[in-house]
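To start, the structure under review is shown below, and the notes come after it.
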Amino acid sequence: MAGLIEMTSDTLLNLSECRLYGIIDLGYVEKSDATCIAEAMIKGGVDLIQLRGKERSIEELVELAAELHELTARLFTPLIMNDHAEIARRVPVEGVHVGQDDDSIEVVRRKAGRAVVVGKSTHSLEQARAAQREGADYIGFGPIFATPTKPGYRPIGLKGIKQAHLDVTLPIFCIGGIKIDNLEQVTAADARRVAIVSGLLKAPDIVEYARGCRKLLTLKSEIRNPKSEI
Ligand code: TZP
């Protein structure tokens, strides 16, 4: 079932159709605002939501993921848990996202104990190719630009995006410093999908911001291929 996220028994969401990935990072927002933020993101056209809570306890994340999932499931939007595959055993999130220093994809699947989408962060073309060989369902590719959300990582720039799409057949979400104002630069460099953290979370109007990003991504994909584009 690669690339297909089981949302309910009668609804399947195709990962390759997802273009805009919104990440709720608890470094930027209060836990108590997370559900409203998720709702605004979805209303604005975000296809996929991740909960990211570095330094937060598992118990805290389980509780918030369960609350968020009640909303995201109702709105048929997959919820992906960052880092902690064990949370997928306790909360019916649709996926788990891991970094280079986290569990392997195989361990993530084992810990989750059921079919989940597994995404992996990659920071170079070599890591992107390796993540595909390892069995990831999608990858994050970046940071494209320098970003305070992921300090200490050298930005990889726009140049590798085209090659990544030639080398990797999985959905690739470009990430890192992407804002509505530079999104066209990123799509011009051949990105089809993006993940955005601070741009969305700091937007004065999340619905409008997401809508604007979604429009640019959709426009670009229609220009690239009016019928079926992956
Ligand atoms: N992985 C690569 S860059 C990044 C992650 C999680 C952070 C992206 O955050 P922002 O605020 O959209 O630059």
Side-chain angles (χ1 to χ4, degrees), residues 18-30 33-34 37-38 40-41 44-56 61 65 78-85 93 95-103 105 108 117-128 130-131 136-161 164 168 170-187 189 191-206 208-214 216-217:
C18 297
R19 309 248 158 240
L20 181 58
Y21 192 167
I23 301 182
I24 302 179
D25 184 325
L26 298 176
Y28 283 104
V29 295
E30 296 296 328
D33 292 332
I37 289 169
M41 283 182 174
V46 163
D47 302 297
L48 204 59
I49 290 187
Q50 183 185 126
L51 174 60
R52 185 173 194 256
K54 299 277 174 196
E55 321 287 322
R56 300 298 177 122
L61 292 171
L79 179 65
I80 311 292
M81 187 66 227
N82 189 58
D83 287 349
H84 306 289
V93 292
V96 176
H97 185 95
V98 285
Q100 289 291 318
D101 300 329
D102 301 324
D103 288 334
I105 307 276
V108 168
V117 161
V118 184
K120 183 145 184 161
S121 295
T122 67
H123 314 298
S124 65
L125 283 171
E126 186 38 48
Q127 287 181 1
D137 294 308
Y138 74 85
I139 59 168
F141 186 67
I144 302 299
F145 305 115
T147 172
T149 312
K150 192 134 174 159
Y153 279 74
R154 199 158 48 88
I156 60 178
L158 296 163
K159 277 205 206 114
I161 297 176
V168 173
L170 301 173
I172 300 173
F173 291 89
C174 291
I175 183 166
I178 300 176
K179 315 279 180 200
I180 196 163
D181 298 331
N182 60 22
L183 184 50
E184 276 177 291
Q185 252 180 284
V186 182
T187 55
R192 280 97 158 129
R193 305 175 177 80
V194 297
I196 301 181
V197 186
S198 54
L200 277 163
L201 298 179
K202 290 168 123 182
D205 183 335
I206 293 178
E208 280 311 306
Y209 197 92
R211 228 171 240 159
C213 293
R214 195 67 176 77
L216 290 175
L217 290 163

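In each ligand, atom 1 is the first atom listed, and ligand 1 is the first ligand listed.
Any N or O atom pair closer than 3.5 Å counts here, and Pro143 shares no such pair with ligand 1. The distance criterion of under 3.5 Å between nitrogen or oxygen atoms is met by Gly177 with respect to ligand 1. For ligand 1, the polar-atom distance check against Ser121 finds no nitrogen or oxygen pair separated by under 3.5 Å. Considering backbone and side-chain atoms together, Thr149 places an N or O closer than 3.5 Å to an N or O of ligand 1.
Of the protein's heavy atoms, Val197 N, 2.9 Å lies nearest to atom 12 (O) of ligand 1. Protein heavy atom at the shortest distance from atom 1 (N) of ligand 1 is Lys150 CD, 3.3 Å.
Residue Ser198 has at least one heavy-atom neighbour below 4.0 Å for each of these atoms of ligand 1: 10 (P), 11 (O), 12 (O).
Within 6.0 Å of CD in Glu126 there are more than 12 heavy atoms belonging to other residues, nucleotides or ligands.
Ring planes of Tyr153 and His123: tilted class, angle from 30 to 60°.
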Residue pair Lys54, Asp25: steps toward the salt bridge (charged side-chain N to carboxylate O under 4.0 Å, His left out) verdict: CA-CA 8 Å; Lys54 299 277 174 196; Asp25 184 325; over 6 Å; no

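Within the structure, ligand 1 has Arg52 among the residues with a heavy atom less than 4.0 angstrom away.
Looking at heavy atoms from C-beta onward, Met41 lies in side-chain contact with Ile24 at the 4.5 angstrom threshold.
In this structure, Asp47 contributes its side chain and Arg19 its backbone to a donor-acceptor pair below 3.5 Å.
Taking Asp102 as the reference, nothing meets the salt bridge (Lys or Arg N to Asp or Glu O under 4.0 Å) condition, with sequence neighbours excluded.
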